[in-house]
Amino acid sequence: MADQTCSISGLSALLSTAGSANATGAAQYICSQLTTAALITADLTTAVDATFLLFSTYLVFAMQLGFAMLCAGSVRAKNTLNILLTNVLDASAGALFYYLFGFAFAFGSPSNGFIGHHFFALKSVPSPGFDYPYFLFQWAFAIAAAGITSGSIAERTQFVSYLIYSSFLTGFVYPIVSHWFWSADGWAAANRNPNDYLLFGSGVIDFAGSGVVHMVGGIAGLWAALIEGPRIGRFDHNGRPVALRGHSATLVVLGSFMLWFGWYGFNPGSFVTIAKSYGPVGSPINGQWSAVGRTAVTTTIAGCTSALTTLFGKRLQTGHWNVIDVCNGLLGGFAAITAGCAVVEPWAAVICGFVAAWVLIGFNRLAERFQYDDPLEAAQLHGGCGSWGVLFAGLFAKKEFVEEAYPGRPGRPYGLFMGGGGRLLAANVVQMLVIAGWVSATMGPLFFLLHKMGLLRISAEDELAGLDMTNHGGAAYVYYDEDSSGGGSHGGGFMMKGINSRVDPGLTPTSSIEV
Amino acid sequence: MARQTCSAPALAALLTAGDRTGNATAAAEYICSKLEAAALTSVDITTAVDTTYLLFSAYMVFAMQLGFAMLCAGSVRAKNTMNIMLTNVLDAAAGGLFYYLFGFAFAFGCPSNGFIGRYFFALKSIPSPGFDYSYFLFQWAFAIAAAGITSGSIAERTQFVAYLIYSSFLTGFVYPVVSHWFWSPDGWGAANRDPSASLLFGSGVIDFAGSGVVHMVGGIAGFWGALIEGPRIGRFDHNGRPFALRGHSATLVVLGSFMLWFGWYGFNPGSFITIVKSYGPIGSPIHGQWSAVGRAAVTTTLAGCSAALTTLFGKRLQTGHWNVFDVCNGLLGGFAAITAGCAVVDPWAAIICGFVAAWVLIGCNKLAERFHYDDPLEAAQLHGGCGAWGVLFAALFAKEEFVNEAYPGRPGRPHGLLMGGGGRLLAAHVIQILVICGWVSATMGTLFYGLRKMDLLRISAEDELAGLDVTRHGGSAYVYDESSGGNGGDDGGFIMKGSKSTNRV
Amino acid sequence: MARQTCSAPALAALLTAGDRTGNATAAAEYICSKLEAAALTSVDITTAVDTTYLLFSAYMVFAMQLGFAMLCAGSVRAKNTMNIMLTNVLDAAAGGLFYYLFGFAFAFGCPSNGFIGRYFFALKSIPSPGFDYSYFLFQWAFAIAAAGITSGSIAERTQFVAYLIYSSFLTGFVYPVVSHWFWSPDGWGAANRDPSASLLFGSGVIDFAGSGVVHMVGGIAGFWGALIEGPRIGRFDHNGRPFALRGHSATLVVLGSFMLWFGWYGFNPGSFITIVKSYGPIGSPIHGQWSAVGRAAVTTTLAGCSAALTTLFGKRLQTGHWNVFDVCNGLLGGFAAITAGCAVVDPWAAIICGFVAAWVLIGCNKLAERFHYDDPLEAAQLHGGCGAWGVLFAALFAKEEFVNEAYPGRPGRPHGLLMGGGGRLLAAHVIQILVICGWVSATMGTLFYGLRKMDLLRISAEDELAGLDVTRHGGSAYVYDESSGGNGGDDGGFIMKGSKSTNRV
């Protein structure tokens, strides 16, 4: 910190001669001191904001752990290694691609409304408004989108096609969508540059990405799962659905809680800064800090309501209390509140979560009806509840909060039910359509092409044996090893029968040794 | 933040004109307005920093719920895993709604009487100064922790409906009232009471982060629940000798314990609520709440560590093996004990706290076995017993300097008995223990008794033997094996094919 | 924070009286006192922000201990799970006590000589300027990470007592001395040495977050432990061909790896200790430590990611399948390598760092197999090998601008060889590698050798075959099935009885 000591003798000498032309000296002295104080305050503000953003980023990153555990628990034991590896690689490959060009496509400013074209490989970062923490935060969002899709195509997808789609989604499809709605240059962004015209005079208020993140991931998953078709055994000969249960409810709960934990970085963190006054300066409650807290509260309440609604809704339908469904309901509530979290009242979050639970239940019904198989319900959850969330924000956004979160344009439209007219809703509907169209136009052909080239789906034998044995060198779990069978702990055979009947020893040299 | 700019020529003009035209006022106003603006900006940044601190602490306290879920899951048998995890998810979810609707109002609705708050229902008129959303979130995370404790005591034998009822009641009413008494500025036993009101014994209760308010409440509720339900089938044999019904996964227990440890850094140091607060001359790098916050984190760490080590060697002598379950429980016992005094004791005292807490836990467990009390997670012993010790410990070792820093404005207030502060703090703390015991017993004891009378509490013996997951939750938690050729979706079937054949044998 | 108020009338009176009565002094004093107050308030806020930053970083580094526990648990066989998890819990717990009692004093007790510190035993005279509680907590979290690394190398075959002894010795003495050398302002090799002292080769060692200080120390200690113990039974067959003894749960490995990744964001960026520090003209939004902190997080991410991808494809070519265990280890190798240089290199260099780290790890693993060295977690290869590469990497790619920002006050100091900074930094780093190897070998090697001579190191072959959990820790970690009618406490039985019958079928 720069030296701020004030010299009394110096200033008094200047003041005592003030009558003369030396007033200038006194004034300069006082002003330099005041300016220094203001600049130090600016530094402090930057540091506080960076701290807030960085720790939010770390929380969002923790969601990747949540996804990995949720996915692992939701698939059968024989495919655990596969799904774990895809989640690790989402984050890893995503980092490289997002570093090389994803961030540039998304936020490279100045640019046109469609795609950014600066900051490739973080060139000329940091520049004002685009510092390293911001890149990291956006990266954590990008890998979340890819993580969603991986759930939809679990248990039956070739690893190579996974690598291809994941890179394409993180490096191109998602960044472009986020450019449209979040970059100051984007054609539909609500925080557009002051001199630009907003879509319908309103712009799309998708605060933390119900549309940009969740719908993108969900719709990509929808196309993939649709093109691949259901897993073997998911529907019987008469087309009746058979539940292929995940292998570990513990992992599902672990993953859900980690996602919940990380969502506190996702939603409140999307404010990017926290030291920003809304009202008169010096007020303890009129500032972004309060809005950040409110966002955390709306997020919590939407998830909680949705979980409870699902609990009782499913209890009535199936007759038992199902923890997997409750976790999915919880996440559906979170996905829905993400768009509006910053601009709605806590009571509206209750409505949001309540409806989200029924949206998820409804889409699951539809999926069964049309024999659509999504091991993690990712398309239903993130696509369906995400869409509802976009609508919800257009219905319940409160005037005061909208103007605080998107300042500088007084009188802008807000939620329909809050008396703000239909223009925000119209913009948000356009967002839904455009996202659905764009993702279908890019990811749909990609998956179709992969399918045509025979790169998409694994063979039926591999699927029955499990991906872990055929592609990943063994099973995920070895609770018992045969070396010790001569020793004291006789007892256990192995959990996974499969390892005894190993499928292709040639492919799995190490595991063949140990068995 | 708006940048203040200072125009030197403008000020010079004012100063020059100053003495000639009596325009000194203008110069003074100019200078003062700049200084005021700087001061107000500082206030804003202070608020932002404090909120950041409080929010991330709240997130970490929330992460304890994940810790509880994993700890509970690992400590029960595989056949009841889904049940216990569902209860943990619902603690958080139902707790979120009830605490939002009225729990927070009962606890901190201000102004009110000393017994119960009555503002801020459904967060009405939030934010208001001192009660922002982040504060609500932090308190919510505490409330669900209390309910999470109780769920451990009654695990593996409780009907799900009973669980929903008690959890809502505890989070929505019993716990908020207790936290009002000891933490709200209106509470009759609070140490941070409004300056005009008199403190209990001139001291008030220094239960900084809630050994009493959170842990004893959860533990005693669990005690009544487990006592009224009776032990699990097979926990004591015909001759009354105890049988260990081991949890199904030590890995989950360790995972849960570490997550709880992690979250405790939000629980204890986070209870300062703010971090930007100078204690000494301003501008000193070490005399401020930031240092006290760090100290609270250190005392927390040391108490847990010494309790874990004490348990390790204590149990080794008793049982002959090194037991990771016991070490984890000892660790958590140390944390539960230091929670009351974490902010007002020296680090060396924390080691004593942890050492004693380990023996308290071992002693309580012996007692529980003697009296055929069965608590699958030792929750009543751990949170109730070690929590009570923690409340006493705070009254014995609270240091004058730290007490005056953490609870300012009343110089000469009593502090720890062994630190020369007299017995009044201890007296207040004994009162706290008695009152919490009485209140929780009167409310939760009655509730559990009522549930039992209505046959809503305990599951049937058949269900208990088969496991709750299969009977109530649509299948078991784990499906490691599947009959490759057969029907993978055989919901009712149990995890391990083997167990089927075991039955046949 | 107290609000400073500025009274315009009072100042006006002073100003008016100014030139007439020579009372300018009073006016000046008034103005200056206000300005001073504003400056001091800024200092307080700065301290609070820095402490908040440091504490949450420390919490995240602590979360790495959870990561280690899960990684280790997943990487060993099920029969030794409890053992390895207990050692991880005790790393943290025993480490907490020993680092409190004397480790921190050895490491940072200032003023002292260049070899070992000698103040702050048991946190005496803490807080003092520059050494607050939060700093202790942060350093403690680093110390237990080093011990955690070693535990992986000697897993599955070490007596528990030996573990307690080496862990205390490493956390309490060996590691603190190394960290004193390279991180304390008194250390002979430190790059941030007191301005009056001369730097090693005029440069000092830039081991920013501890590729050498933490990872190499842990890795080399593990190397000697594993070498002296010899390989696990069954790891190499009669002809000396290696057998993979696979860990029992890939899920735990991934869980642990992600938690370590999460914690590494505290480890590397957190090592800046402060975040409120301007580098350029004050008031610039991008020239400050906040930006450097973000850059360190980015370099960390990119190094790990490129290492993971390199390992994925490298191993795919070698073994023909996509192996998640290997990818996780590659990822961690990348992190261990970037740790030294994370703050002083460009993001593009981090990609090179990770790419090479992956091959270093693959090469070290080949060497280990060749020489029949058995390390269940590849800890010596990963943390020792990649750590050493990281130390070299920092000396090759350190950028002048970043070095001067992170280690200010000595303009013209050497930087990376490949960035045109001359070879002196590289020379210093080679010295660091040699010195760490020598010191850890001399202390830990001797200790492990002594333990073996006293028969305290390795368990018996029978115990090893049966598994440590059953023989030492009172049962196995997992009980998925239970024979309902039988003895619930049948410790020796293995998890799934049913699977026995599967075999029979």
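Predicted model only: the values in this text are computed from it and were never measured. To find a chain, count down the sequence lines: A is the first, B the second, and so on, and within it residues start at 1.
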Gap between atom NE2 of C:H473 and atom OG1 of B:T319 - 0.5 Å precision: 11.0 Å

Of all heavy-atom pairs linking C:L55 and B:V293, the shortest is CD1-CG1, 3.2 Å

Would you mind reporting whether C:P129 and B:I286 have side-chain heavy atoms less than 4.5 Å apart? yes

Where does the angle between the aromatic ring planes of B:Y265 and C:W140 fall among parallel (under 30°), tilted (30 to 60°) and perpendicular (over 60°)? perpendicular

Quick one: do the B:T251 and C:Y478 side chains pair a donor with an acceptor below 3.5 Å? yes

As an exercise: rank B:A308, B:S249, B:S291 by heavy-atom pairs under 4.5 Å with chain C and give me the winner. B:S291

Is the shortest side-chain heavy-atom distance between B:L302 and C:Y100 below 4.5 Å? yes

If a pair satisfies salt bridge (charged side-chain N to carboxylate O under 4.0 Å, His left out) and one of its residues is in residues 120-130 of chain C, list it, with sequence neighbours excluded. none

Of the backbone (N, CA, C, O) and the side chain (C-beta and beyond), which part of C:L54 lies under 4.5 Å from a heavy atom of chain B, both, or neither? neither

Step-by-step side-chain contact (heavy atoms from CB on, under 4.5 Å) determination, C:L255 to B:L255: CA-CA 10 Å; C:L255 171 59; B:L255 171 59; 4.0 Å; yes

Output yes when a side-chain donor or acceptor of B:R295 lies under 3.5 Å from a complementary backbone atom of C:S134, and no otherwise. no

I'd like to know whether C:T52 forms a side-chain contact (heavy atoms from CB on, under 4.5 Å) with B:W290, so could you lay out the CA-CA distance, the side-chain angles of the two residues, the decisive distance to 0.1 Å, and finally the verdict. CA-CA 8 Å; C:T52 306; B:W290 43 86; over 6 Å; no

I need the residue from B:I233, B:I351, B:D346, B:N323 with the largest number of non-hydrogen atom pairs under 4.5 Å to chain C. B:I351

Worked check of side-chain contact (heavy atoms from CB on, under 4.5 Å) between B:V298 and C:F136: CA-CA 8 Å; B:V298 170; C:F136 163 77; 3.6 Å; yes

Working to the nearest 0.5 angstrom, can you tell me the gap between B:T301 OG1 and C:L137 CG? 4.5 Å

Does some side-chain heavy atom of C:Y59 sit less than 4.5 Å from a side-chain heavy atom of B:F56? no

Please classify the contact of C:A94 with chain B as side chain, backbone, both or neither, using a heavy-atom distance under 4.5 Å. both

What residue in C:S128, C:A63, C:A122 has the most heavy-atom pairs under 4.5 Å with chain B? C:S128

Which answer fits C:L101, side chain, backbone, both or neither, if we ask what part of it has an atom under 4.5 Å from a heavy atom of chain B? neither

Just verifying a value: how many Å separate B:H248 NE2 and C:S476 OG, rounded to the nearest 0.5 Å? 11.5 Å

Between C:D44 and B:G283, the two heavy atoms sitting closest are OD1-N, 2.8 Å

To check you understand the geometry: which heavy-atom pair defines the closest contact between B:G294 and C:Y133, and what is its length? C-CB, 3.4 Å

Hey, what do you get for CD1 (C:I144) to SG (B:C305), rounding to the nearest 0.5 Å? 7.5 Å

What closest approach, in Å, do B:A250 and C:M82 show between heavy atoms, and which atom pair accounts for it? CB-SD, 3.4 Å

When rounded to the nearest 0.5 angstrom, what is the spacing between CG in C:L123 and CH2 in B:W348? 13.5 Å

Using side-chain heavy atoms (C-beta onward) and a distance below 4.5 Å, is C:L86 in contact with B:F325? no

Looking at B:L331, B:L312, B:V327, which one has more heavy-atom pairs under 4.5 Å with chain C than the rest? B:L312

In terms of heavy-atom pairs under 4.5 Å, which option from B:V253, B:I275, B:D237 contacts chain C the most? B:I275

Can you tell me which portion of C:A58 sits under 4.5 Å from chain B's heavy atoms? Options are side chain, backbone, both or neither. neither

Considering all heavy atoms, the nearest C:T47-B:P285 contact: CG2-O, 3.5 Å

Interface moiety of C:T81 toward chain B, non-hydrogen atoms closer than 4.5 Å: side chain

dist C:L97:CG -> B:S306:OG (nearest 0.5 Å) comes out at 6.0 Å

So C:L164 and B:F313, side-chain contact (heavy atoms from CB on, under 4.5 Å) or not? Walk me through it. CA-CA 11 Å; C:L164 281 177; B:F313 291 108; 3.8 Å; yes

Please enumerate all residues that pass side chain to side chain donor-acceptor pair (under 3.5 Å) together with B:T300, with sequence neighbours excluded. B:N268

Do C:V89 and B:V254 make a side-chain contact, defined as non-hydrogen atoms from C-beta onward lying under 4.5 Å apart? yes

Where is the tightest heavy-atom contact between B:V276 and C:A48, given as atom of each residue plus distance? CG2-CB, 3.5 Å

